[in-house]
There are 2 protein chains.
Amino acid sequence: MNAPKTARERARATITADIIATARRHLADVGAADLSLRAIARDLGMASSAVYRYVAGRDELLTALLLDAFNELGTVVEHAPRPEASPLDNWTAVWLHARQWALDHRHEFALLYGTPVPGYHAPADTVTAASRLPLTLAKILNDAADTGRLTDPATPLPDFDLTMIEPEIVALITLRVRDARLAALLSAWTLLIGTIGFELFGHHTGVVTRHEDYLRHTARVTGTGLGLPAT
Amino acid sequence: MNAPKTARERARATITADIIATARRHLADVGAADLSLRAIARDLGMASSAVYRYVAGRDELLTALLLDAFNELGTVVEHAPRPEASPLDNWTAVWLHARQWALDHRHEFALLYGTPVPGYHAPADTVTAASRLPLTLAKILNDAADTGRLTDPATPLPDFDLTMIEPEIVALITLRVRDARLAALLSAWTLLIGTIGFELFGHHTGVVTRHEDYLRHTARVTGTGLGLPAT
DNA sequence: TCCGAATAAAGAGCAGTGCTCTCGAAAGGT
DNA sequence: ACCTTTCGAGAGCACTGCTCTTTATTCGGA
């Protein structure tokens with residue numbers, strides 16, 4: 001976070017922000033595949049070649065949008081739980097808020113969880129931004145465990161080899177229970193994104209009628225399966 | 001399936017097949033985003049404009065590849081179960097075969113389940129081809145129920161409103177049990193695709209170490225949760 | 001204050017894309 | 001043999017990402 005001092009640096013920062021802002025608008029309109037650097041330049045009233053003084057290229061621009069979207073989704077889901085609500089309700093709220101954000105930002109969601117762009121490599125800050133959603137899910141489980149509201153699962157836990165998961169992730173999640181529920185938590189995260197993606201990408205047309213109800217049901221089943229008590 | 005009679009129709013069919021075949025080769029190489037009609041024409045030694053006599057455009061070509069890939073994946077997973085194996089083993093085999101096909105056809109998988117192409121509308125034959133995978137999963141459950149090898153789930157079934165699911169799907173699956181396991185079956189399908197997609201699209205890098213073991217574990221947990229007895 | 005250096009802006013240009021149109025050549029049926 | 005349909009090829013249009021060169025503007029130090 002270098003504070004801009006000179007007027008040049010100020011102008012540079014604002015112009016770069018302008019470019020990214022209009023890029024996000026265009027992304028929301030036409031999607032990542034049809035995002036055109038020239039169209040962005042036209043919209044800003046500058047020559048297309050001038051954009052390259054602020055952005056290395058199309059891929060870097062998409063990476064910036066990726067980071068923005070991950071953080072926006074992360075902020076949304078982190079504000080979904082409420083302290084006075086039950087863990088299962090908070091768990092479900094995260095699912096529904098994530099879906100709502102995806103519905104309101106279809107192309108951004110597709111950029112995050114759809115087909116990655118051909119020449120893509122995830123920088124470090126990207127993965128931390130992407131982790132905010134699964135970490136929010138883990139936090140609900142941990143808070144429930146800390147307040148004695150995480151019951152043992154009814155079904156016996158299957159054999160589970162913890163070395164399937166990266167040790168850093170195990171430490172990062174700091175899940176109170178280190179059994180098969182760790183894998184179940186990853187599956188819940190996957191199922192959340194997968195269900196939203198199936199709805200948005202059309203795989204549920206002709207299959208699911210009431211999408212929100214279906215996701216809420218799935219959230220509750222998954223949450224109770226992980227040991228969150230039904231209210 | 002109109003059998004070609006005249007020599008013209010024969011030549012037309014073979015050339016069209018050639019175009020689709022090389023398109024699939026290129027798709028496997030560079031992915032759907034970088035699929036170039038001109039490159040395909042070059043590869044076939046014909047002018048790019050001549051391709052348009054056989055294919056309406058890039059989108060129609062991608063739709064053809066979509067159909068091909070869905071059917072190939074469907075054939076693979078339909079041949080995964082073996083009669084003498086236990087239902088749970090067959091269930092798991094479908095998961096692992098689907099993953100292996102996806103690993104061997106990354107770009108095809110991305111075309112099927114990744115971000116849909118901008119100007120896309122799923123024709124009817126596409127949805128039937130896409131249904132072969134979830135129907136294979138349903139068939140294993142039904143066969144297990146018919147042979148008395150589908151136990152009642154240990155956890156009590158949550159409230160479930162069947163009207164969330166399209167009636168045609170309910171009839172098509174003809175699941176022996178019409179309770180919340182119908183939604184659980186859809187979730188299993190979603191989780192299978194989602195887990196494979198997360199692995200292929202990089203969301204599991206730094207999270208999951210042994211991907212095949214993780215998917216096998218997820219398959220077994222999901223299968224037993226649906227009532228398939230552990231061997 | 002002036003002047004050199006750093007920076008920005010703009011335009012031209014290259015290689016590539018999807019797609020359309022036109023025109024000549026080949027093949028088909030009558 | 002003729003006429004019609006089909007086919008192949010090329011030119012061309014409107015785009016795209018990106019680079020290079022040239023001109024203009026701004027900044028900082030003497």
Side-chain angles (χ1 to χ4, degrees), chain A residues 2-20 22-23 25-27 29-66 107 111 116-121, chain B residues 2-20 22-23 25-27 29-66 107 111 116-121:
Chain A
N2 300 336
K5 302 206 306 179
T6 79
R8 263 224 166 101
E9 287 173 348
R10 291 180 71 84
R12 216 188 146 69
T14 61
I15 290 184
T16 309
D18 281 356
I19 291 175
I20 293 181
T22 66
R25 282 199 348 257
H26 283 197
L27 171 68
D29 278 4
V30 301
D34 292 341
L35 188 74
S36 162
L37 244 155
R38 291 177 113 111
I40 294 170
R42 268 195 302 272
D43 201 344
L44 286 171
M46 63 170 97
S48 68
S49 57
V51 179
Y52 286 86
R53 243 160 243 282
Y54 301 91
V55 166
R58 217 185 85 109
D59 282 14
E60 187 188 286
L61 196 57
L62 281 178
T63 303
L65 299 181
L66 199 79
H107 288 129
L111 177 64
V117 290
Y120 124 107
H121 57 292
Chain B
N2 301 336
K5 301 208 302 181
T6 78
R8 264 230 167 100
E9 286 173 349
R10 292 181 69 86
R12 221 191 140 68
T14 60
I15 291 184
T16 309
D18 281 356
I19 290 175
I20 293 182
T22 66
R25 281 198 351 255
H26 283 197
L27 171 67
D29 278 4
V30 301
D34 292 340
L35 188 72
S36 162
L37 243 155
R38 291 178 112 111
I40 294 169
R42 268 195 304 271
D43 201 343
L44 286 171
M46 64 171 97
S48 68
S49 57
V51 179
Y52 286 85
R53 304 245 163 217
Y54 301 91
V55 166
R58 214 185 88 109
D59 282 14
E60 187 186 286
L61 197 57
L62 281 178
T63 304
L65 299 182
L66 198 80
H107 289 128
L111 178 64
V117 290
Y120 123 106
H121 57 293

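In what follows, chains carry the letters A, B, and so on, assigned in the order in which the sequence lines appear, proteins first and then strands, with residues in each chain numbered from 1.
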Produce the list of close N/O pairs, under 3.5 Å, pairing protein atoms with atoms of nucleotides 23-29 of chain D; give distances to one decimal.
from: D:dC27; atom 1: O4'; to: A:R8; atom 2: NH1; distance (Å): 3.4

Which protein N or O atoms sit under 3.5 Å from an N or O of nucleotides 15-17 of chain C?
from: C:dT17; atom 1: OP1; to: B:S36; atom 2: OG; distance (Å): 2.9
from: C:dT17; atom 1: OP1; to: B:R42; atom 2: NH2; distance (Å): 3.4
from: C:dT17; atom 1: OP2; to: B:R42; atom 2: NH1; distance (Å): 3.4

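You'll find the side chain of B:L37 reaches within 4.5 Å of the side chain of B:Y52, heavy atoms only. Considering only heavy atoms from C-beta on, B:I15 comes within 4.5 Å of B:M46 through its side chain. Contact annotation: the side chain of A:V51 never approaches that of A:I40 to less than 4.5 Å [non-hydrogen atoms, C-beta and beyond]. Contact annotation: the side chain of A:I19 approaches that of A:L61 to within less than 4.5 Å [non-hydrogen atoms, C-beta and beyond].
Of the candidate nucleotides C:dA9, D:dG8, C:dC21, C:dA9 has the atom lying nearest to any side-chain atom of A:Y54.
Taken from CG in B:D29 to CZ in B:R25, the straight-line distance is 7.5 Å, to the nearest 0.5 Å. In this structure, the separation between CG on A:D43 and CZ on A:R38 is 15.5 Å, given to the nearest 0.5 Å. Here B:E60 contributes atom CD and B:I20 contributes atom CD1; the two are 8.0 Å apart, rounded to the nearest 0.5 Å. Separating the CZ atom in A:R58 from the OG1 atom in A:T63 is a distance of 10.5 Å, to the nearest 0.5 Å.
The phosphate of C:dA8 has neither OP1 nor OP2 within less than 4.0 Å of any side-chain N or O from A:Y52.
In this structure, CZ of B:R10 is placed 15 Å from P of D:dC7, rounded to the nearest angstrom. Atom CG in B:L44 sits about 16 Å away from atom P in D:dC7, given to the nearest Å. For the pair A:I40 CD1 and D:dC18 P, the computed distance is 11 Å after rounding to whole Å. The CE atom of A:M46 sits 18 Å away from the P atom of C:dT7 (whole-angstrom rounding).
B:L65 and B:L35 make their closest contact through CD1-CD2, 4.1 Å (heavy atoms, listed as atom of the first residue, atom of the second, distance). Summarising the geometry of B:R12 relative to B:Y54, their closest heavy-atom pair is CG-CE2, 3.8 Å, with the distance given to 0.1 Å. Listed here is the closest heavy atom pair of A:S48 and A:A41: CA-CB, 3.6 Å.
The rotation axes computed at either terminus of the helix from C:dT1-D:dA30 to C:dT30-D:dA1 lie 0° apart, taking five pairs at each end and rounding to 10 degrees.
Using a 4.0 Å heavy-atom cutoff across all strands shown, A:L61 reaches no nucleic acid atom at all.
Summary of the strand contacts: B:R53 and B:S48 both lie near DNA chain C, and taking for each the nucleotide with the nearest heavy atom, the more 5' one is attributed to B:S48. Nearer the 5' end of DNA chain C, as judged by each residue's closest nucleotide, is the contact made by A:R12, out of B:A56 and A:R12.
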